[in-house]
There are 2 protein chains.
Amino acid sequence: MSDTTLADALRARIIAGEFAPGERLSETSLAARLDVSRNTLREAFRVLAQHGLVEHVPNRGVSVASPTTADVVDIYRARRQIECGILRDASALHPSVAVMREELERAEAGVEAGDWPVVAAANMGFHRALVALSDSPRLERTHEQLLAELRLAFLAIADFESLHRPFVTRNRAVLDALVDRGPQAAADELEDYLTESERRVLGAYARLGRG
Amino acid sequence: MSDTTLADALRARIIAGEFAPGERLSETSLAARLDVSRNTLREAFRVLAQHGLVEHVPNRGVSVASPTTADVVDIYRARRQIECGILRDASALHPSVAVMREELERAEAGVEAGDWPVVAAANMGFHRALVALSDSPRLERTHEQLLAELRLAFLAIADFESLHRPFVTRNRAVLDALVDRGPQAAADELEDYLTESERRVLGAYARLGRG
DNA sequence: TCGACCCACATTGTTGAACAATCATTGCGA
DNA sequence: TCGCAATGATTGTTCAACAATGTGGGTCGA
């Protein structure tokens, strides 16, 4: 199996919650379980470590990342910088606006159905489409990594409903603001969104005695 | 040798211009030359590929990245987004302002001495310190990768003087604006800087028949 | 009982060799 | 000249081994 494919497969498994945040990933046993050699697995680990999905400590192996409070704060700081900046410069005519609307509707349908994993995915899709407004592959890549890390924080908290349900209407507000009141208003809405979302995550962390 | 150390060493060599942008990096010969095994080298390659410093094509190995015109445009787009956004929210009292001043003086001394590599390094140091105003490790990491890629573009152009000399006074203007006229004015100055710098790089690329 | 030290064990870091898979080139024939 | 198959080189992957490092347990002494 190609190492990139392997890294992608591992990434998907981690994001799906197959491995708990903080869980130690033994090279020997995981290699056996995935039916690849240790060397191949190690190459995949390097990729994931660069993505921030696993943490690599020399001579002590890799574990699934488990974002600390400081990490969460930093992730949201970076998100604010990137997402708000992009939105402020965005055009409501960009094709990606349609994608944002699709994801929003998917999230709203998910709320109706009470399917919180769908809501979570759609909310993230909304913000991914938002970043695509920038037409910058590098910003999209960076943002994608931020979302992947953040998803680990969500996994540690595990309460998808309270983490995602309240934010569907906020995403609606962001999109409406972009279309009706212009990019600056949308950026302001988004900043509120992110501040509130960060507050929720940090609150849950505090209740858990951190992540 | 630890793989991270190896990746760092390779990164330094690439950035120093030891390998030309676009040059093919043979696993066997490079492993022999660096006195490491192929497997270890491959792990380091994965790290560098994630940094955008080398390009990895399946079954065709890795080459030193050689940014295309589109890459340069994207790098500057991302820089504008990140650096200007940070500067707009920055405080002139942040400790990193002192670092910016140091790098600026180093650059000015370099201009006096006609030492363009020093000027180039100091200019980049200035912008690195600028991003450090954000106190965000993730933004710093992303920005560092952008600079590394950009350095490859500079290497392809090779005319350090015209790429870096004009921008020392512009950096001075950014710093002065931050201290004297506030973050918004500084962000405006910086936007001019980046636009002009991008124009220069693209112009040189055009003269070379692209990179 | 408690703490310091030492040793065996487990895991990672790295190597070298081997083989399959894929790509590039060369030379042949039509 | 063009297409094509054989050939050689390089990458992808595996395996086995050993060195280096970290971990935990157990002994010994106070």
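Below, all heavy atoms of this structure are taken into account, side chains as well, without hydrogens, waters or symmetry copies. Quick note on labels: first sequence line is chain A, next is B, and so on, each numbered from 1.
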For A:Y193 and A:H127, I'd like to know if the aromatic rings sit close, meaning centre-to-centre distance below 6.0 Å.
yes
Sequence neighbours excluded, the answer for side-chain hydrogen bond (donor to acceptor under 3.5 Å, both in side chains) partners of A:R172 is A:E108
Partner of B:Q50 under side chain to side chain donor-acceptor pair (under 3.5 Å), picked from A:R46, A:H51, A:Q50, is A:H51
Next on the checklist: Taking the basic N atoms (NZ, or NE/NH1/NH2) and the acidic carboxylate oxygens, is any pair closer than 4.0 Å for A:E102 and A:R106?
Outcome noted: no
When rounded to whole Å, the CG to C1' distance for the pair A:L6 and D:dG12 reads 12 Å
To the nearest angstrom, the CD-C1' distance between A:E43 and C:dT12 comes to 16 Å
Inset, instruction - Could you tell me whether the phosphate oxygens of C:dT15, OP1 or OP2, come under 4.0 Å of any side-chain nitrogen or oxygen in B:T40? - result: yes
Side-chain ion pair, A:R79 and A:E198, N-O less than 4.0 Å: no
In short, salt bridge (charged side-chain N to carboxylate O under 4.0 Å, His left out) pairs touching residues 111-130 of chain A with sequence neighbours left out are A:R128-A:E144
Here the salt bridge (charged side-chain N to carboxylate O under 4.0 Å, His left out) pairs for residues 64-75 of chain A, sequence neighbours left out, are A:D71-B:R138, A:D74-B:R138
Distances under 3.5 Å between protein N/O atoms and the N/O atoms of nucleotides 15-17 of chain D, please, pair by pair.
unit_1 : atom_1 : unit_2 : atom_2 : d
D:dC15 : N4     : A:N39  : ND2    : 2.5

Here the distance between atom C1' of C:dC19 and atom CD of B:E27, to the nearest Å, is 15 Å
Report each atom pair, protein N/O against N/O of nucleotides 20-25 of chain D, whose distance is under 3.5 angstrom.
unit_1 : atom_1 : unit_2 : atom_2 : d
D:dT21 : O3'    : A:N59  : ND2    : 3.3

Note: B:A148 and B:R11 closest approach over all heavy atoms is CB-NH2, 4.1 Å
Answer yes or no: does a side-chain N or O of B:R42 lie under 4.0 Å from OP1 or OP2 of D:dG12? yes
Here the distance between atom C1' of C:dA24 and atom CZ of B:R24, to the nearest Å, is 9 Å
Here the distance between atom P of D:dT10 and atom CG of B:L41, to the nearest Å, is 14 Å
Taken to the nearest whole Å, CZ/B:F45 to C1'/D:dT10 is 12 Å
Note to self: I want to check one thing: is the phosphate of C:dG13, taken as OP1 and OP2, less than 4.0 Å away from some side-chain N or O of A:H56?
What the structure shows: yes
Hits for ring pair (Phe, Tyr, Trp, His ring centres under 6.0 Å) against A:F19, two or more places apart or cross-chain, chain-then-number order -> none
